[in-house]
Amino acid sequence: MSNPETVVLVPAFNEAPRLASVLEVILSSPLVEKTIVIDDGSHDDTAKVAATYPVELLRFEENRGKGAALQAGLQLAPDAAYFLFFDADLLNFRHEHIAALLNPLLEHEKIAMSVGLFRSGSKKSVNLAQQYCSILNGQRGLRRSFVEILPDLNWSRFGVEVLLSRYAALADLEVAQPELHGISHVTKEEKLGFLRGFDYRLQMFSECLFSLANHKKMIRRHPGNVPPHILAKLP
Ligand SMILES: Nc1nc2c(ncn2[C@@H]2O[C@H](COP(=O)(O)OP(=O)(O)OP(=O)(O)O)[C@@H](O)[C@H]2O)c(=O)[nH]1
Ligand SMILES: [Mg+2]
């Protein structure tokens, strides 16, 4: 399709065991016209799994981080009206979750971004983390007009969600927070074992905190397509 309306981006790093079930939901949704998987230097068969599905596969030899992966995906569909981001490790993911993220953008022109809130999923720890850190949720919908004024995301790694949310606030844009019922995901500790998983979690938190503390400075340094009137608000 040359000019898809709704494009899904799936950033995936070492997600071979989990990617297929996520892609099956996305690819069977009537709401999605194109799906792009960004395999970011995975050491496992993530790319092989993706290649068995009718998706566009972008593959980096070296890992560049989630922010850079999403940015590269956004550039592959410059004409899309809406982008949806879904993680590659979702559990109990259903079509209704796709609609829940997309509908606020379709129904309210003022909404620039929707950020999913995990509710009543099977894992208590994931639900609890969501209560306090909803800004970190990777399930998002972005309107094209928002994508067109985004700063460079390349530096942000796991801080990309913080950057997107803080930037929307700086730009005075409205964000919807639809609840995604029953959805959950496989945690780092479950993927890697407790010690390696927890170590990776600390790395993720430090990238999120870096983004939280430094996003204004980093936006000024790497403005991407940020318009002058928003740049003028930065210290
Ligand atoms: N392309 C790309 N994707 C990544 C990278 N790191 C993580 N991802 C993907 O981004 C999504 C979220 O990453 P996770 O590691 O599951 O992080 P999380 O769900 O926020 O946090 P946990 O609860 O700790 O697992 C998953 O689909 C990952 O495969 C990366 O460096 N590059
Ligand atoms: Mg996850």
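Atoms within a ligand are numbered from 1 in the order they appear, just like the ligands themselves. Residues: numbered from 1 along the sequence shown.
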Cationic N near anionic O, under 4.0 Å, D89 to K188: no

Which of the numbered atoms in ligand 1 are below 4.0 angstrom from a heavy atom of H185? 18 (P), 19 (O), 21 (O), 22 (P), 23 (O), 25 (O)

Determine, using ring centers only, whether Y200 and F158 are less than 6.0 Å apart. yes

Answer yes or no for F60: is there a heavy-atom contact with ligand 1 below 4.0 Å? no

For ligand 1, which atoms sit closer than 4.0 Å to a heavy atom of M204? 17 (O), 20 (O), 21 (O), 24 (O)

Are L70 and L76 connected into the same hydrophobic cluster when the rule is that any two of I, L, V, M, F, W, Y join if their side-chain heavy atoms are below 4.5 Å apart? yes

Counting no waters, what protein N/O/S atoms lie under 2.8 Å from the Mg ion (ligand 2)? D89 OD2, H185 ND1

Would you check, one step at a time, whether the test side chain to side chain donor-acceptor pair (under 3.5 Å) holds for S165 with R140? CA-CA 10 Å; S165 290; R140 289 177 183 237; 3.0 Å; yes

Can you check whether D39 has an N/O within less than 3.5 Å of an N/O in ligand 1? no

Is there a polar contact between ligand 1 and F158, counting only N or O atoms under 3.5 Å apart? no

May I ask whether K191 has any heavy atom positioned less than 4.0 angstrom from an atom of ligand 1? yes

Can you sort out which atoms of ligand 1 are near D89, meaning under 4.0 Å from one of its heavy atoms? 16 (O)

Pair Q139-D87, side chain to side chain donor-acceptor pair (under 3.5 Å): steps then yes or no: CA-CA 7 Å; Q139 315 341 288; D87 289 348; 3.3 Å; yes

Does N63 approach ligand 1 within less than 4.0 angstrom via side chain, backbone, both or neither, non-hydrogen atoms only? side chain

I need the atoms of ligand 1 closer than 4.0 Å to a non-hydrogen atom of E15, numbered in the order shown. 26 (C), 27 (O), 28 (C), 29 (O)

Looking at ligand 1, does any of its N/O atoms fall within less than 3.5 Å of an N/O of A69? no

If you measure from each heavy atom of G65 to ligand 1, is any distance below 4.0 Å? yes

Side-chain donor-acceptor contact under 3.5 Å, S206 with R157: no

Quick check for you: to the nearest 0.5 Å, what is the distance between I111 atom CD1 and E174 atom CD? 5.0 Å

I38 heavy atoms, cut-off 4.0 Å: which ligand 1 atoms fall inside? 1 (N)

Any salt bridge between E161 and K66, counting N to O under 4.0 Å? yes

So SG of C208 and CG of L136: to nearest 0.5 Å the spacing works out to 4.5 Å

Quick check on contacts: which atoms of ligand 1 are under 4.0 angstrom from a heavy atom of D40? 1 (N), 2 (C), 30 (C), 31 (O), 32 (N)

Atoms in ligand 1 flagged as close to R201, the criterion being non-hydrogen separation under 4.0 Å: 22 (P), 23 (O), 24 (O)

Cluster overlap F93 with L27, hydrophobic side-chain contacts below 4.5 Å: yes

Minimum non-hydrogen distance to atom 17 (O) of ligand 1, winning option of R59, R64, K188: K188

Heavy-atom contacts with T187 under 4.0 Å: which atoms of ligand 1 show up? List them by number with element. 25 (O)

Salt-bridge present (R64, E62; N to O < 4.0 Å): no

With side chain to side chain donor-acceptor pair (under 3.5 Å) as the criterion, how do E190 and T187 come out once you've worked through the C-alpha distance, each side chain's angles and the decisive distance to 0.1 Å? CA-CA 5 Å; E190 288 165 330; T187 64; 3.2 Å; yes

In sequence, state the C-alpha distance, the side-chain angles, and the governing distance for Y82 and F146, and then conclude on ring pair (Phe, Tyr, Trp, His ring centres under 6.0 Å). CA-CA 10 Å; Y82 309 102; F146 182 44; over 10 Å; no

Taking both backbone and side-chain atoms of F13, is any N or O found less than 3.5 Å from an N or O belonging to ligand 1? yes

Got a donor-acceptor contact below 3.5 angstrom from the D152 side chain to the P223 backbone? no

